Each structure stands twice: as C-alpha cells, then as structure tokens.
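One structure is given below, encoded as structure tokens.
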Amino acid sequence: MIAIAGGTGRLGSLVVRRLAQRGLDVRVITRDPARADHLRDPSVEIAVADVRDRAGTRMAVQGASTVLSAVHGFAGPGRVSPQSVDRDGNANLIDAAADLGAEVILMSVVGASARHPMELFRAKHAAEQRLMASGVRWTIVRATAFLELWDDIMTKSIVFGRGENPINFVCVHDVAAVVECVTLDHGDRGRIIEVGGPQNLTFNQLAEMRQRVRGKKDNVRHVPRAILRAGAPFSRQARAALVMDTIDMTFDLTREAADRPMTEPLEALSRR
Ligand SMILES: NC(=O)c1ccc[n+]([C@@H]2O[C@H](COP(=O)([O-])OP(=O)(O)OC[C@H]3O[C@@H](n4cnc5c(N)ncnc54)[C@H](OP(=O)(O)O)[C@@H]3O)[C@@H](O)[C@H]2O)c1
C-alpha cells in the first residue's frame, strides 16, 4: 500500500489517480477528508492526519510499504509553515516510515539548499538530509515551479516585481508522470531526480503567453519591488516574490535525462 501525504493537492491528486488506475492500493493522508472527495475510488482509502502530529502521522502510515510526501507548508490553510510541514512534518513521515521499514518518496524543489534565501528551500533541504540519514530506501524528486499554479496565481495579470527574471516552469502532469514512475521503479532508490520544463520564462513572458492562449489582452500590472520589500517582514509570499524576481531560478535540461514527456508551456496552458 502506498500512503500519500499531500494526496489532495495539485500534484498529489494526479499521482493518486495514476496509481489507483493501475489498481494499486493508495491511502491519501489529509487533514480534512472533504478535500479528498474528488479522489473517491474503490482502491483509494482516506486517512485523517496532520503531518505535524507525530503520533497521528505514525497511525496514518501503518501498513504502508511506500510513503510518498507531496506536502508543503509554504501557503494554505491551518497556519502551516515550511518549518512545521516541510521540515518537521516530513521528519515525522520519514521516522514513521523507518519504523515500518517502508520506502519514502519525497517531493522537493530544484535548488533546495541550506543557505537558500527562501525558507521553503531550506526546509526542503533539511527534509532531504533527514531522509538520506534515515536508513530507509528513498527517492527524492525535485521539481521547478509548477506552471499550472502560476497560471492560477496570474489570473488577474499581476506580476510581482519587474518580472524580468527567467524562471523554469514545469507542467505538473509531467511531474506526476515522473513521480508515478519512481514510485513503481525501485531501481530509482538512492537517487535525486530533478524535473524541469523545456523553457525558462520570465513572468512577463508567461503573462504574455497566458493572454495569447486566452485571446485576451489585459494590461499587466506590476507590484513594485518597493512594495514587496515593505511587506517582506510580515509576509512569506512577499519575501518569496522578491527572491523569485532576483535570483537564478533557471534550469538546465542537460542536468536530467530528457527521455521523459516534456510539455511545452504554451501547450500546457492551452490544455487547461
Ligand atoms: N507548486 C510548485 O510550484 C512546486 C514546485 C516544486 C515542488 N513542489 C512540491 O510538490 C509537492 C506538491 O505541491 P502542490 O503545489 O501540488 O501542493 P498543493 O496543491 O498546495 O497541496 C498541498 C498539500 O499539502 C498537504 N498538507 C499541507 N499541510 C499539511 C499538514 N500539516 N498535514 C498534512 N497534509 C498537509 C495538503 O493536504 P490537506 O490540505 O488535504 O491536509 C495538500 O494536499 C509539494 O511537496 C511541493 O513542495 C511544488
């Protein structure tokens, strides 16, 4: 049985469906079973747990042979944070899997490191380190920014900052295909797999592409860096927006084996 924390999310839901369609037993771990309503299927069980709760997490993964973590605490309900979910919640999942003798697949981010300016990337690094030291059989999948998330964030044609910094965007369906593959292929244990999209785009280019796909020309409005700086002490999102407007967020495709489906951003946007 494959227990998936974050199975209700954008990526997790796709992975749950793919694994369930193969007839595999899947257990979705969620804080609120209503969020799993769209996943109801005879081979999908629902377990209620918050990964920040060590005992509850342990109960939720009982009987699993694989534990997949697609959680994050960057944003979302329940006063989450990267420290409490990505670092400590993942530690709870990893420790529970270790006690069970289960394998762990961990979703992380391209660029995860101890000194990254974004707290999410530091927390993901901490989770990666914890996993690699845990003694369990593991695979880490690092992805770049999900195109579909940013398509939703940019519905009002608002760009945070100047929008001139190239960023790699990947189609979430392509990431789900990789996660499905590594979950099934035990030969990938002990590997960090990086998944990016075929193009680096600035937010201005993405805004223009979104408008082309929708055949609708809006004025792109910018939230100036000065406003983001003013909000930074109080808002994780403002801090992250500043980082995304300034540091290297590109992805070099030669870093990964490109023998996997890779959807062009224009095609991914058109399909929605
Ligand atoms: N979005 C991106 O651009 C991006 C890029 C690279 C990597 N990733 C990684 O890919 C994974 C999936 O991201 P996503 O954007 O698809 O996520 P999402 O749609 O925002 O969903 C977040 C998931 O995390 C779960 N979660 C959050 N806090 C939790 C807690 N305390 N206890 C249990 N579950 C909790 C939520 O479950 P409930 O609300 O049902 O409890 C939900 O299923 C994450 O690990 C993320 O870091 C994302």
Side-chain angles (χ1 to χ4, degrees), residues 3-17 26-39 44 46-61 67-93 96 104-112 116 118-128 131 140-154 167-176 178-179 182 192-197 206 236-237 240-241 244 249 251 265 268:
I4 308 187
T8 59
R10 188 182 296 271
L11 173 70
S13 295
L14 297 177
V15 174
V16 168
R17 284 207 195 94
V26 176
R27 184 183 298 154
V28 173
I29 302 174
T30 173
R31 291 163 294 170
D32 177 356
R35 288 196 203 124
D37 279 349
H38 62 294
L39 297 168
V44 177
I46 312 295
V48 177
D50 185 319
V51 295
R52 293 170 292 184
D53 167 18
R54 204 169 164 78
T57 301
R58 228 161 246 272
M59 299 256 291
V61 301
V67 174
L68 200 159
S69 170
V71 294
H72 74 81
F74 177 76
R79 292 177 175 273
V80 290
S81 68
Q83 290 83 353
S84 65
V85 175
D86 296 275
R87 186 192 60 199
D88 301 341
N90 274 324
N92 289 338
L93 283 167
V104 175
I105 317 286
L106 174 71
M107 269 315 297
S108 184
V109 288
V110 167
H116 197 282
M118 253 193 258
E119 52 198 310
L120 174 72
F121 286 56
R122 297 195 296 274
K124 290 290 196 194
H125 171 76
E128 290 185 358
L131 181 56
I140 293 167
V141 180
R142 291 179 177 165
T144 59
F146 296 171
L147 183 75
E148 290 78 359
L149 169 70
W150 285 97
D151 185 32
D152 289 345
I153 291 174
M154 291 173 79
I167 294 167
N168 189 271
F169 294 96
V170 65
C171 170
V172 70
H173 293 270
D174 293 352
V175 182
V178 171
V179 175
V182 304
I192 299 178
I193 294 168
E194 299 206 320
V195 190
L206 182 57
R236 183 181 307 133
Q237 282 74 13
M244 290 187 84
M249 301 283 294
F251 183 71

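In this chain, numbering begins with 1 at the start of the sequence shown. Remember, it's 1-based here, ligands and their atoms both numbered in the order they're listed. As the structure is a prediction and not an experimental result, all values here were calculated from the model.
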Show the atoms of ligand 1 that are less than 4.0 angstrom away from any heavy atom in [X].
| X | result |
| --- | --- |
| Lys124 | 44 (C), 45 (O), 46 (C), 47 (O) |
| Thr8 | 36 (C), 37 (O), 38 (P), 40 (O), 42 (C), 43 (O) |
| Ala145 | 3 (O) |
| Ala143 | 6 (C) |
| Val80 | 28 (N) |
| Val109 | 6 (C), 7 (C) |
| Leu149 | 1 (N), 3 (O) |

[atom]: nearest protein contact (heavy atom, Å):
| atom | result |
| --- | --- |
| atom 18 (P) of ligand 1 | His72 NE2, 3.7 Å |
| atom 10 (O) of ligand 1 | Phe146 CZ, 3.6 Å |
| atom 45 (O) of ligand 1 | Val71 O, 2.7 Å |
| atom 12 (C) of ligand 1 | Ala70 O, 3.4 Å |
| atom 31 (N) of ligand 1 | Asp50 OD1, 2.8 Å |
| atom 39 (O) of ligand 1 | Arg35 NH1, 2.4 Å |
| atom 26 (N) of ligand 1 | Arg31 NH2, 3.7 Å |
| atom 16 (O) of ligand 1 | Leu11 N, 2.8 Å |

Shortest heavy-atom approach to atom 40 (O) of ligand 1 - which of Val48, Thr30, Ile46: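 The nearest heavy atom belongs to Thr30.
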
Nearest-option assignment for atom 33 (C) of ligand 1, heavy atoms, candidates Asn90, Val51, Ile153, Asp86: Val51

Parallel, tilted or perpendicular: rings of Trp150 and Phe169 (30°, 60°):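 Judged by the thresholds at 30° and 60°, the geometry between Phe169 and Trp150 is perpendicular.
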
Positive for side-chain contact (heavy atoms from CB on, under 4.5 Å) with [X], one of [options]:
| X | options | answer |
| --- | --- | --- |
| Ile105 | Val182, Val67, Ile193, Ile140 | Val182 |
| Pro82 | Met118, His72, Arg236 | Arg236 |
| Val51 | Val85, Asp88, Asn92 | Val85 |

Minimum heavy-atom separation for [X] and [Y], please, with both atom names.
| X | Y | answer |
| --- | --- | --- |
| Asp50 | Arg31 | OD2-CD, 3.6 Å |
| Arg79 | Arg52 | O-NH1, 3.3 Å |
| Ser69 | Asn90 | OG-OD1, 2.5 Å |
| Met107 | Ala143 | CE-CB, 4.1 Å |
| Thr144 | Gly197 | OG1-N, 4.0 Å |
| Arg142 | Ala112 | NH2-O, 4.2 Å |

Check: Ser13 side chain, Arg10 main-chain N or O, donor-acceptor pair, under 3.5 Å: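 No, Ser13 side chain to Arg10 backbone: no donor-acceptor pair under 3.5 Å.
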
Expected output: side-chain Asp86 to main-chain Gly73 donor-acceptor under 3.5 Å: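 Between the backbone of Gly73 and the side chain of Asp86 there is a qualifying donor-acceptor contact (under 3.5 Å).
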
Using a 4.0 Å heavy-atom threshold (strictly under), name the region of [X] that reaches ligand 1: side chain, backbone, both or neither.
| X | value |
| --- | --- |
| Ala36 | neither |
| Val85 | side chain |
| Arg10 | both |

Stepwise side-chain contact (heavy atoms from CB on, under 4.5 Å) check, Ile46 with Arg27: CA-CA 6 Å; Ile46 312 295; Arg27 184 183 298 154; over 6 Å; no

Ligand 1 contacted by Thr144 (non-hydrogen, < 4.0 Å):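 It does; at least one heavy atom falls under 4.0 Å.
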
Any Ser84 heavy atom less than 4.0 Å to ligand 1: no

Candidate pair Val44 and Val16, rule side-chain contact (heavy atoms from CB on, under 4.5 Å), full reasoning: CA-CA 8 Å; Val44 177; Val16 168; 4.0 Å; yes

Ile29, any N or O under 3.5 Å of ligand 1 N or O: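 Min N/O separation from ligand 1 is not below 3.5 Å for Ile29.
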
